Amino acid sequence: MKLNDLPPTQWAMARRAEKMNPSVIREILKVTERPGIISFAGGLPSPRTFPVSEFRAACEAVLLHDGAAALQYAASEGYAPLREAVAAMLPWAVDPAQVLITTGSQQGLDLIAKVLIDSDSRILVETPTYLGALQAFAPMEPAVVSVASDDDGIDLGDFAAKAAGARFLYVLPNFQNPTGRTMTEARRAALSQRAMELGVPIVEDNPYGDLWFDAPPPAPLTARNPDGCVYLGSFSKVLAPGLRLGFMVAPANLYPKLLQAKQAADLHSPSFNQRMVAEVLKDGFLDRHVPTIRALYKSQRNAMLAALQREMKDLDVQWNTPAGGMFLWARLPQGIDSVKLLPEAVDKGVAFVPGSAFYAEGGDPRTIRLSFVTATAEQIDTGIAALAAAIREHRQ
Ligand SMILES: Cc1ncc(COP(=O)(O)O)c(C=O)c1O
């Protein structure tokens, strides 16, 4: 028998592989990459904020002073000066020994899934929640339970009703992806207290917390109960996502297992990138840099709010006013399914993400997520006008 006559190899997939799905957003992004489309769909930070020249200088300094170590294998916990810088950045007393440098905070979610989820483990998430977390958790085959949430955060009654046996509650208290909303101080205090009483650990994901527009958000949940929380942070939104660097702060009785999972996953995050970031962070760079991102994103948010007000005021569309971050959440008029509207909007030259992508258990089909950070103010005007036109036509 010739090789060419043999049937193709049949790969027997693991059960967990069947749980892996392409990200709806990535599929949408393929469409929006068509030239001429104004995209409010992506979750990318604005490349205008990337400190390219600082990284060029840091790259040279690292190679000059520490080149061999930067190119060598290294400790799985992360580069010590970077762990120290992270601990010093956080608004509660953090021992650098509790900091684990990760390959993006997305890796943190993957490590949490591996360490904390068995098949059918009950895990609680907000409604709606970050799609990438659902993707990271899914292969471990959890029973994902959505907890009702409102503009102030998690609904405490619903949380208590669903808490029994939960491995953890996954929350994004600041400028949440996808809704842009922020948990109030009162809700944080009450949630922290209730989670302690019920014995439910909290996984707190905070990539956007530094990107506030008028005032910093309230203290993290982890600051209130470090033993009962794992905290995830990222350099993606304050420096650049291409670095793939994030971090976790984990309590002492969880840290070793996360570290072992990290070792198995990738040994360590890139030594070179960690040193470059530590170099860039020296001398309080973020204190100068992050305010420029805040100012840019605030003006972009304002441009989108103004465009929505102008173009949608006679349509029954509702939207929120996020106090930071990158996303705005809107609700289309009665009877419009945002998944059905999307191709019509793309035909008119504008894209968004249908909100239903972000619900663990089916969601409000009228909702959409709009990113206001990558389009220019002019494109925001044109794009929102095109979206309004698509809604009008769809209704007729
Ligand atoms: C809520 C949330 N968590 C985690 C991530 C992953 O970020 P990274 O892996 O770049 O740190 C993102 C990225 O958009 C996010 O929105």
Side-chain angles (χ1 to χ4, degrees), residues 23-26 28-29 39-47 49-50 78 82 86 89-90 99-113 123 125-138 144 149 153-154 168-183 202-212 217 220-222 229-249 258 262 265-266 269-270 273-274 277 286 290 293 297 322 324-329 353 355 357-360 369-374:
S23 155
V24 184
I25 295 183
R26 290 212 190 289
I28 290 171
L29 284 178
S39 179
F40 304 134
L44 311 182
S46 168
T49 67
F50 300 160
L82 185 60
V86 165
M89 250 160 51
L90 293 170
V99 176
L100 177 62
I101 302 295
T102 55
T103 304
S105 55
Q106 188 66 29
Q107 181 179 51
L109 295 167
D110 181 64
L111 302 181
I112 284 166
I123 60 165
V125 299
E126 287 169 285
T127 313
T129 190
Y130 170 52
L131 179 63
L134 295 176
Q135 271 192 302
F137 300 154
V144 180
S149 313
I154 288 272
F168 61 82
L169 166 69
Y170 170 67
V171 270
L172 301 100
N174 297 326
F175 324 125
Q176 197 228 27
N177 182 1
T179 61
R181 66 193 176 199
T182 295
M183 201 181 296
I202 289 178
V203 174
E204 179 171 31
D205 191 4
N206 186 26
Y208 303 102
D210 289 317
L211 306 181
W212 46 267
L221 296 162
T222 309
C229 301
V230 183
Y231 181 90
L232 300 173
S234 177
F235 290 109
S236 292
K237 311 300 184 323
V238 291
L239 287 176
L243 297 161
R244 306 308 306 127
L245 282 181
F247 52 89
M248 308 173 83
V249 181
L258 293 168
K262 162 102 186 140
D266 65 353
S269 298
N273 293 11
Q274 292 190 65
V277 169
L286 286 183
V290 175
I293 309 178
Y297 288 6
M326 301 180 6
F327 306 111
L328 186 149
W329 190 242
V353 185
F358 303 100
Y359 291 84
R369 187 191 75 177
L370 299 172
S371 161
F372 48 80
V373 304
T374 38

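We count ligands from 1, going down the list as the structure has it; atoms in each ligand are counted the same way. For clarity, every value in this text was computed on a predicted model and none was experimentally measured.
With 3.5 Å as the limit, one finds no donor-acceptor pair spanning the side chains of Glu126 and Ser149. No hydrogens or angles considered: a donor-acceptor pair under 3.5 Å links the side chains of Ser269 and Thr103. Using a 3.5 Å distance cut-off with no hydrogens or angles, the side chains of Asp205 and Tyr130 do not pair a donor with an acceptor.
The backbone N or O of Pro128 sits less than 3.5 Å from a side-chain atom of Gln176, completing a donor-acceptor pair. Looking only at distances, a side-chain donor or acceptor of Asn273 sits under 3.5 Å from a matching main-chain atom of Leu243.
For ligand 1, the protein residues placed under 4.0 Å by at least one non-hydrogen atom are Gly104, Ser105, Gln106, Tyr130, Leu172, Asn177, Asp205, Pro207, Tyr208, Ser234, Ser236, Lys237, Arg244.
Aromatic ring orientation, Phe168 versus Phe137: perpendicular (interplanar angle above 60°, classes split at 30° and 60°).
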